[in-house]
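A short worksheet on the structure shown next.
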Amino acid sequence: FIGRWDLLKILQDSAYETIEVTACKTLRKKVKIGILIGLQTYGQDMKFHPHLHCAVLKKVKYNGKIIDFRFIPSEFLRITWRNILIKNICKADISYAEKELAYSMIERYPNGFVTNVEDSRNQDAVIKYLARYMRHPVISNSRIEFYDGKSITIKVDNKKWKTFHQVFSVDEFITSLIQHISPKNF
């Protein structure tokens, strides 16, 4: 995916398709949904780690009327996400070996791909959080702890493990930053 913004676009489009299919199956109706999808290409350590943040409206449009959509079945969502993403990635301009790898994910992840579904009572707060989160740069100045013209040390606060420091040469640091810059009009 590094440098393949076309594949990252497929990632976003597949998320929309997955949530729409899930809503239609859950409600047993052909509905139109509203989703805010934010693509983030980095993790705490500045490595390329593309992932999505999606906010789904709790109302959907059906036959010109607005109806509630408050339940997302997480098991169905995970499997549907896996299947739709693999299908769409395999339609892209990728090698045969990459397609084989994609299809192998069906067996490797029989329960589907990771999705974290949370019900939020306050959608305004969620949207504000996502907007703030998405506009942040790859790294804030406060995480840069040392710079001497040759190397840069950053603080990495990993919630799963512990806080640690990572050292980059200046060239490595710049490379880590620019890999996250999307092309114009992406």
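Keep in mind that what you see is a predicted model, and the values were worked out from it rather than measured.
The backbone N or O of Met105 lies less than 3.5 Å from no partner atom in the side chain of Arg82, so there is not a single donor-acceptor pair. Between the side chain of Ser104 and the main chain of Leu101, a donor-acceptor pair closer than 3.5 Å is present. Of the possible polar contacts, one joining the Glu98 side chain to the Ser95 backbone as a donor-acceptor pair under 3.5 Å is found.
Under a hydrophobic-cluster definition in which Ile, Leu, Val, Met, Phe, Trp and Tyr are linked whenever side-chain heavy atoms come within less than 4.5 Å, directly or via other members, Ile106 and Leu85 are assigned to the same cluster. Tracing side-chain contacts under 4.5 Å through hydrophobic residues (I, L, V, M, F, W, Y), one reaches Ile94 starting from Tyr103; they form part of the same cluster. Follow the hydrophobic side-chain contacts under 4.5 Å out from Ile79 and you never reach Phe113; the two are in separate clusters.
Ion pairing of Asp6 with Arg4 is present here, as a side-chain N (NZ or NE/NH1/NH2) and a carboxylate O approach within less than 4.0 Å. A salt bridge links Asp68 with Lys59: at least one charged nitrogen is closer than 4.0 Å to a carboxylate oxygen. Taking the charged nitrogens against the carboxylate oxygens, Lys25 and Glu20 have no contact shorter than 4.0 Å, which rules out a salt bridge.
Nearest heavy-atom pair, Leu52 versus Leu11, reported as atom, atom and distance to 0.1 Å: CD1-O, 3.5 Å. Between Lys150 and Asp148, the shortest heavy-atom contact is N-OD1, 2.8 Å. The shortest non-hydrogen separation linking Ser151 to Val170 is N-CG2, 4.2 Å. The two atoms that bring Ala102 and Ile86 nearest to each other are O-CD1, 3.4 Å, heavy atoms only. Of all non-hydrogen atoms in Trp81 and Ser14, the two that sit nearest each other are CZ3-C, 3.6 Å.
No more than 12 heavy-atom neighbours from other residues, nucleotides or ligands sit within 6.0 angstrom of NZ on Lys155.
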- Are Asn111 and Glu75 close enough, and set up right, to give a side-chain hydrogen bond (donor to acceptor under 3.5 Å, both in side chains), and what steps lead you there? CA-CA 7 Å; Asn111 297 322; Glu75 183 177 331; over 6 Å; no
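Note that the NZ atom of Lys30 and the SG atom of Cys24 stand 4.5 Å from one another [nearest 0.5 Å]. The NZ atom of Lys32 lies 13.0 Å from the CD1 atom of Ile66; values are rounded to the nearest 0.5 Å.
The aromatic rings of His51 and His49 sit tilted relative to each other, their planes meeting at an angle between 30° and 60°.
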